[in-house]
J.: 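If you scroll down you'll find the structure; I have some questions about it.
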Amino acid sequence: MPNVNIDPNDIMIQLRGLQKSFGPQTVLADVNLDIRRGETMVIIGQSGGGKSVILKHMIGLLQPDGGEVIVDGVTISTPKSFDTRTIRKKMGMLFQSGALFDSMDTGENIAFALREHHPELSEKRVQEIVTEKLKLINLVPEFRSKMPSELSGGMRKRVALARAIALNPEILLYDEPTTGLDPITSDVINDLILDMQSKLGVTSVVVTHDMVSAFKVADRIAMLYKGRIIEVGTVDEIKNTTNPFVKQFITGKRKINPEEE
Ligand SMILES: Nc1ncnc2c1ncn2[C@@H]1O[C@H](COP(=O)(O)OP(=O)(O)OP(=O)(O)O)[C@@H](O)[C@H]1O
């Protein structure tokens, strides 16, 4: 359970009536969610339910059909306000695949966004920042010369996290950070998510199916169901929920009743 001071009235990300369809498929019907500055919000829900689509709206990779995304008081979701460069400077994202550039070594992967956004930085400074980011994810500086093909799944995620924090983001978005990892490696990633919150003071949004991870890293958990957030609560509140759909999801039971598949 995280341990930082969070002001419930200080909202970093607001989703207001978010709607998104792809062709005939409505993925987000009416998503409303407030994420507080400094908190870790975990979004849970069925596979294919639209959790990643929500993250992509937060970072400006997708524009909604209706509704608003407001980040730190600024609406980022209207075509007029759509300034991806400014948004992305504020945010780091850990993609589901832990996408690294395979042709670059670890150090170059971490330095990539730094060089792009800060061409004024000297090579010495870039290397110092790479070392600092490796340290934050508990890796020694020598690790910078490893190629992605030499890394295990867990290591790739860690390096992807170092890359996501290269520009000192205020917000970190994690898409399925523990998927495909064994429980011990998953726990290393969970600890790093907690570290990022306590050491960097970031606001985090984590999309996951992994309830062990959700219960460990979350300040609050939101459940997406049929295109809407049907419940938001602390870990204890979610564990003790009376909502049958949330209960079904967190306990992994297949059906609530024969009508519900
Ligand atoms: N760019 C796109 N074009 C068309 N359909 C899309 C696009 N992005 C997402 N979708 C569809 O939206 C739905 C929700 O996808 P999303 O990846 O957000 O689900 P998810 O809840 O993150 O699932 P999972 O947990 O399996 O990753 C899926 O049916 C997906 O095929």
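In each ligand, atom 1 is the first atom listed, and ligand 1 is the first ligand listed.
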J.: Looking at atom 22 (O) of ligand 1, what's its closest protein heavy atom, distance included?
T.: Ser52 OG, 2.7 Å
J.: Please indicate whether any nitrogen or oxygen in Leu62 is less than 3.5 Å from any nitrogen or oxygen in ligand 1.
T.: no
J.: Going by heavy atoms, is Gly45 under 4.0 Å from ligand 1?
T.: no
J.: Can a donor-acceptor pair be found, under 3.5 Å and without considering hydrogens, that links the side chain of Asp65 to the backbone of Ser21?
T.: yes
J.: Spell out, as yes or no, whether a donor-acceptor pair under 3.5 Å connects the side chain of Ser122 to the backbone of Arg125.
T.: yes
J.: For atom 23 (O) of ligand 1, what is the nearest protein heavy atom, given as residue, atom name and distance?
T.: Gly48 N, 2.7 Å
J.: As an exercise, identify every atom of ligand 1 less than 4.0 angstrom from a heavy atom of His209.
T.: 25 (O)
J.: Give the intermediate values and the outcome of side chain to side chain contact (heavy atoms under 4.5 Å, CB included) for residues Arg37 and Asp72.
T.: CA-CA 9 Å; Arg37 190 182 302 272; Asp72 209 5; 2.7 Å; yes
J.: Report, in ascending order of atom number, the atoms of ligand 1 lying under 4.0 Å from any heavy atom of Gln46.
T.: 21 (O)
J.: For Ala29, is there any backbone N or O sitting under 3.5 Å from a side-chain donor or acceptor partner on Arg228?
T.: no
J.: Does Arg158 count as lying over the ring of Phe143, i.e. NZ or CZ under 6.0 Å from the six-ring centre, within 45 degrees of the axis?
T.: no
J.: Between ligand 1 and Gln25, can you find any atom pair, the residue atom being a heavy atom, that is separated by under 4.0 Å?
T.: yes
J.: Just heavy atoms, cut-off under 4.0 Å: does Val27 contact ligand 1 by side chain, backbone, both, or neither?
T.: side chain
J.: Could you tell me whether Val207 and ligand 1 have an N or O pair separated by under 3.5 Å?
T.: no
J.: Does Asp219 reach the main-chain N or O of Thr40 with its side chain, forming a donor-acceptor pair under 3.5 Å?
T.: yes
J.: Ignoring hydrogens and angles, state whether a donor on the side chain of Asn32 or Asp30 is under 3.5 Å from an acceptor on the partner side chain.
T.: yes
J.: Does the protein put a heavy atom under 4.0 Å from atom 31 (O) of ligand 1?
T.: no
J.: Got the closest protein heavy atom to atom 15 (O) of ligand 1, with its distance?
T.: Val53 CG2, 4.0 Å
J.: Return yes if some donor-acceptor pair links the side-chain N/O of Lys157 with the main-chain N/O of Ser152 below 3.5 Å, else return no.
T.: no
J.: Without hydrogens or angle criteria, can the side chains of Ser145 and Asp105 be said to hold a donor-acceptor pair below 3.5 Å?
T.: no
J.: Within the 4.0 Å heavy-atom shell around Gly50, which atoms of ligand 1 are there?
T.: 14 (C), 16 (P), 18 (O), 19 (O), 20 (P), 21 (O)
J.: What protein heavy atom sits nearest atom 5 (N) of ligand 1, and how far away is it?
T.: Phe22 CG, 3.3 Å
